[in-house]
Amino acid sequence: MNEDPNKTRELTRAERLYRLRHSCAHIMAQAVQEIFPGASLAIGPPIQDGFYYDFDLPRPLTDEDLTEISKRMNKIVAGNHRFVRKVLPREEARRFFEERGQGFKVDIINRIPEGEEVSIYESDRLVDLCAGPHARYTKKCKNFKLLSVSGAYWRGDETGPQLQRIYGTVWPTKKELEQYLELREEAKKRDHRKLGKELGLFWFHPWSPGSAFWKPKGTTLYQTLEEHWRKSHKEAGYLEIRNPIIYNKALFETSGHWDHYKENMFTMESHGQEFAMKPMNCPDTMLYYKSELHSYRDLPLRVSEGGLLHRNEKPGTLSGLTRVRQFTQDDAHVFVRPDQIESEIGEIIGLIDRTYSLFEFELKLFFATRPDNYMGELEKWDRAEAQLRRALEASGKPFKVNAGDGTFYGPKIDFYVRDSLGRDWQTATVQLDFQLPERFELTYIGKGNRPERPVVIHRAVYGSFERFIAVLVEHLGGAFPTWLAPVQARVMALTDEINGYAREVAAILRQSGLRVEVDDRSEKIGYKIREAETQKIPYMLVVGGRDRDAGVVDVRTYSEGRRGTMTPRDLAAEMLQKVQDQTFDVKLKKVDLWKDEDVLEIDMEGRGF
RNA sequence: GCCGGCGUAGCUCAGUGGUAGAGCAACUGAUUCGUAAUCAGUAGGUCGUAGGUUCAACUCCUAUCGCCGGCUCCA
């Protein structure tokens with residue numbers, strides 16, 4: 001028996017969670033095998049907030065099965081068995097698992113590089129192929145909960161055997177488990193699909209699956225974000241264009257999408273020509289560039305286009321606003337000389353940073369460098385990556401390097417935003433592209449009066465408006481800051497008699513350009529307040545006889561509650577100031593269980609099984 | 001596309017072989033009220049769609065569409 005080499009030093013929280021979760025997966029595997037004696041085990045790694053294990057089972061699992069598995073797990077935990085590590089000679093290990101019908105394990109052993117140890121872990125009645133490490137005793141895994149069952153493929157291969165995956169979570173303390181489960185509940189409440197319906201923002205219809213229908217309030221939200229996008233991009237020197245969305249396939253043959261992305265495009269035939277709806281803005285923005293002659297003095301040329309995009313995503317992958325077939329990217333392409341990469345990247349990082357700080361998102365930057373299948377000249381890559389790195393360093397923002405994670409056409413920076421519930425979303429992106437300029441034979445006239453090739457920078461700040469709105473709705477729990485709220489104020493008359501004054505107040509605010517509703521129904525004020533609160537309207541204005549006589553409104557805000565009276569003009573001035581400053585007047589409820597451990601970086605490749 | 005679950009009134013949901021139910025919303029009337037739900041009445045569904053089994057189907061079977069949890073994909 002080998003002692004754990006890390007035992008002598010203090011483990012980090014991430015390491016402890018890794019062991020705990022991995023161990024809990026083993027316990028679950030034993031429980032499943034007790035119920036289904038022939039069940040073969042695939043892989044069971046820890047993941048960011050729990051673990052899963054994939055099984056090949058004779059029948060689909062039900063919720064009742066999960067209850068039964070949990071019960072058995074509790075017994076194994078209570079037995080407080082020790083996790084014992086053993087190293088086996090490769091042949092012996094192979095025979096061991098073959099005899100037990102554990103073909104997946106044999107497959108794994110066959111893939112373990114020669115020279116590496118093959119180890120197994122025993123706990124109670126389970127013996128599993130496993131690199132470890134593990135908790136020392138099963139009792140550590142007391143605070144677990146099984147969450148869901150789903151399908152999965154062996155090695156993620158669609159053509160391979162279909163397995164059943166059970167997800168679960170486990171935490172060092174009962175309190176943390178409870179917090180985590182509360183977090184899940186909170187996330188459910190804030191689900192943008194639920195809030196989108198409740199707040200009247202958007203809806204879906206089966207006759208256009210994967211495409212949102214925006215209601216008036218959602219449209220206002222969308223347009224307000226668009227206005228902000230337009231304004232901030234004008235300030236940053238971008239020129240906006242409007243291109244078609246349907247193209248002859250020749251465009252995509254030139255860009256390379258026809259070969260590599262055709263299955264994801266909507267195509268149609270008309271008058272003997274084959275057309276496709278564009279899945280991204282880059283190819284046709286190249287056409288724009290080519291429509292004019294460019295001098296090196298014109299660069300960087302910043303061209304933005306919020307074109308309507310369509311991608312024919314597989315039916316089973318669609319989900320709310322985060323996975324759609326029709327969407328708009330806040331896209332732009334910057335054409336630069338190779339020597340301008342660094343400064344332009346710096347500009348873009350600044351723009352992205354300013355935008356996300358408006359909503360109190362935390363940004364994380366990942367620098368993805370040259371992959372193995374890269375195209376183009378190595379030297380070009382090296383110089384560009386060096387520039388990207390300098391721009392990142394100059395931004396003063398911390399970043400991580402994902403070596404080899406870049407695209408084949410260029411290195412990139414991915415931005416992840418961490419929302420108020422501690423979840424990370426990939427949104428903004430900055431990608432260098434050496435290939436498109438080649439394919440479209442883009443040139444500018446250089447200093448030496450000879451054509452030279454520009455570099456293209458693809459970049460998006462929000463990502464897509466649809467996805468960003470989904471993230472924003474969940475981040476804010478549907479309570480938007482005043483500048484963004486579809487309805488900024490609702491005037492509520494105390495009695496029918498005051499309705500006239502309520503409309504006057506609304507008119508004053510509307511003249512300032514504010515979005516105002518009047519609730520003139522014959523309902524009690526408590527009822528009206530309640531409804532305005534559930535709609536998360538930033539300003540709720542109560543007017544009664546007293547207020548009318550004094551020429552004021554009684555102000556209640558979503559973020560601060562009841563505030564007292566003020567005149568409609570003072571109120572309009574306050575609200576306009578907030579609109580202009582894009583004030584974040586939202587009380588953000590933050591829950592972040594991951595704050596210390598950061599992203600659990602778990603290597604699921606190789607031997608993390 | 002794959003595995004599993006689900007689809008009943010505008011919304012949230014109950015109804016498991018015998019000709020559809022609640023709450024909220026809507027509409028009508030009463031009430032005129034000071035910061036998170038006033039009362040009463042009325043109306044509203046060919047139970048996702050198409051077939052099939054049955055004397056009889058929301059209920060069972062098949063197909064199909066959509067949604068949900070995942071997988072896969074993500075130039």
Side-chain angles (χ1 to χ4, degrees), chain A residues 42 47 52 54-57 59-63 65 147-167 188 191 193-194 197-198 200 203-210 252 255-265 278-283 309 311-320 322-323 373 375 407-410 412 426 431 433 435-436 439 458 490 492-499 520-537 540-547 553-558 561-565:
Chain A
I47 51 178
Y52 68 79
D54 289 346
F55 306 97
D56 189 10
L57 301 176
R59 64 164 174 86
L61 290 167
T62 62
D63 285 346
D65 290 325
L147 300 171
S148 62
V149 187
S150 66
Y153 300 105
W154 171 238
R155 299 202 164 279
D157 177 3
E158 212 172 327
T159 60
Q162 176 96 35
L163 306 169
Q164 293 189 68
R165 174 172 298 179
I166 306 177
Y167 283 93
K188 235 192 231 168
D191 189 315
R193 292 167 298 196
K194 186 170 180 285
K197 203 184 268 184
E198 287 171 7
W203 61 290
F204 292 89
H205 192 282
W207 289 354
S208 188
F252 303 110
S255 69
H257 288 90
W258 201 253
D259 284 342
H260 300 281
Y261 202 64
K262 187 167 177 254
E263 11 9 306
N264 280 306
M265 286 159 66
K278 66 172 172 175
M280 48 201 61
N281 295 306
C282 0
L309 306 180
R311 294 184 186 175
N312 196 359
E313 305 287 357
K314 292 176 188 172
T317 62
L318 303 174
S319 175
T322 51
R323 195 60 192 243
N373 64 343
M375 288 181 74
T407 62
F408 69 84
Y409 52 77
K412 62 173 180 173
Q426 209 255 302
Q431 309 188 0
D433 194 333
Q435 286 308 308
L436 269 190
R439 284 181 162 274
H458 307 258
R490 184 180 282 179
M492 294 169 275
L494 195 67
T495 67
D496 291 351
E497 199 199 349
I498 313 296
N499 281 339
D520 56 5
R521 295 173 301 176
S522 304
E523 294 289 351
K524 289 163 93 167
I525 199 65
Y527 181 88
K528 297 185 184 184
I529 294 278
R530 178 185 160 81
E531 203 179 86
E533 284 279 347
T534 57
Q535 287 295 302
K536 304 169 198 288
I537 295 171
M540 290 163 275
L541 311 172
V542 174
V543 290
R546 296 201 300 258
D547 309 301
V553 295
D554 206 332
V555 178
R556 173 184 172 119
T557 65
Y558 189 78
R562 207 170 162 179
R563 269 185 23 188
T565 61

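Lettering of chains follows the sequences in order, A, B, ..., and the numbering in each one begins at 1.
Taking a pair as Watson-Crick or G-U with both hydrogen-bonding distances under 3.5 Å, the stems of three or more pairs touching RNA chain B are B:1-7 with B:65-71, B:10-13 with B:21-24, B:26-30 with B:38-42, B:48-52 with B:60-64.
Between the CE atom of A:Met540 and the C1' atom of B:rA36 there is a distance of 9 Å, rounded to whole Å. Here the P atom of nucleotide B:rG4 and the CG atom of A:Asp65 are 14 Å apart, to the nearest Å. Between A:Phe55 atom CZ and B:rG70 atom C1' there is a gap of 15 Å when expressed in whole angstrom units. In this structure, A:Arg323 places its CZ atom 13 Å from P of B:rC67, rounding to the nearest Å.
Residues passing the side-chain hydrogen bond (donor to acceptor under 3.5 Å, both in side chains) test with A:Gln162: none are found, sequence neighbours excluded. Residues satisfying the ring-ring contact (aromatic ring centres under 6.0 Å, His included) criterion with A:Tyr558, sequence neighbours excluded, are absent altogether. In this structure A:Asp54 satisfies the side-chain hydrogen bond (donor to acceptor under 3.5 Å, both in side chains) test together with A:Arg165, sequence neighbours excluded. In this structure A:Arg546 satisfies the side-chain hydrogen bond (donor to acceptor under 3.5 Å, both in side chains) test with no other residue, sequence neighbours excluded. For A:Arg311, the side-chain contact (heavy atoms from CB on, under 4.5 Å) partners are A:Tyr261, A:Pro279, A:Met280, A:Glu313, A:Phe327, A:Gln329, not counting sequence neighbours. Applying the salt bridge (charged side-chain N to carboxylate O under 4.0 Å, His left out) test to A:Asp496 and every residue at least two apart in sequence or in another chain returns nothing. Legend: residues meeting side-chain hydrogen bond (donor to acceptor under 3.5 Å, both in side chains) with A:Glu198, ordered by chain and number and at least two apart, are A:Lys194. A:Asp520 is linked by a side-chain contact (heavy atoms from CB on, under 4.5 Å) to A:Asn499, A:Arg503, A:Val518, counting only residues two or more places apart in sequence or in another chain.
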Polar-atom pairs under 3.5 Å, protein N or O versus N or O of nucleotides 9-12 of chain B: list them with distances, or write none.
unit_1, atom_1, unit_2, atom_2, d
B:rU12, OP1, A:Lys197, NZ, 3.0

Q: Could you run through nucleotides 44-50 of chain B and give me one letter per nucleotide, 5' to 3': B if any protein heavy atom sits under 4.0 Å from the base, S if only the sugar-phosphate is that close, - if neither?
A: -------
Q: Give the B/S/- string for nucleotides 23-33 of chain B, one per nucleotide from 5' to 3', where a protein heavy atom under 4.0 Å of the base yields B, of only the sugar-phosphate yields S, and otherwise -.
A: --SS----BBB
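Spacing between B:rU16 and B:rU35 at atom P, rounded to whole Å, works out to 45 Å.
Between A:Ile166 and A:Phe55, some side-chain heavy-atom pair lies under the 4.5 Å cut-off.
Relative ring orientation between A:Tyr409 and A:His458 is described as tilted, the plane-to-plane angle lying within the 30° to 60° band.
A:Tyr167 comes within 4.0 angstrom of the backbone, heavy atoms only, and of no base. In this structure, A:Gly156 reaches the sugar-phosphate backbone alone: every heavy-atom distance under 4.0 Å involves primed, P, OP1 or OP2 atoms, never a base.
For A:Arg193, a side-chain nitrogen or oxygen approaches OP1 or OP2 of B:rG69 to under 4.0 Å.
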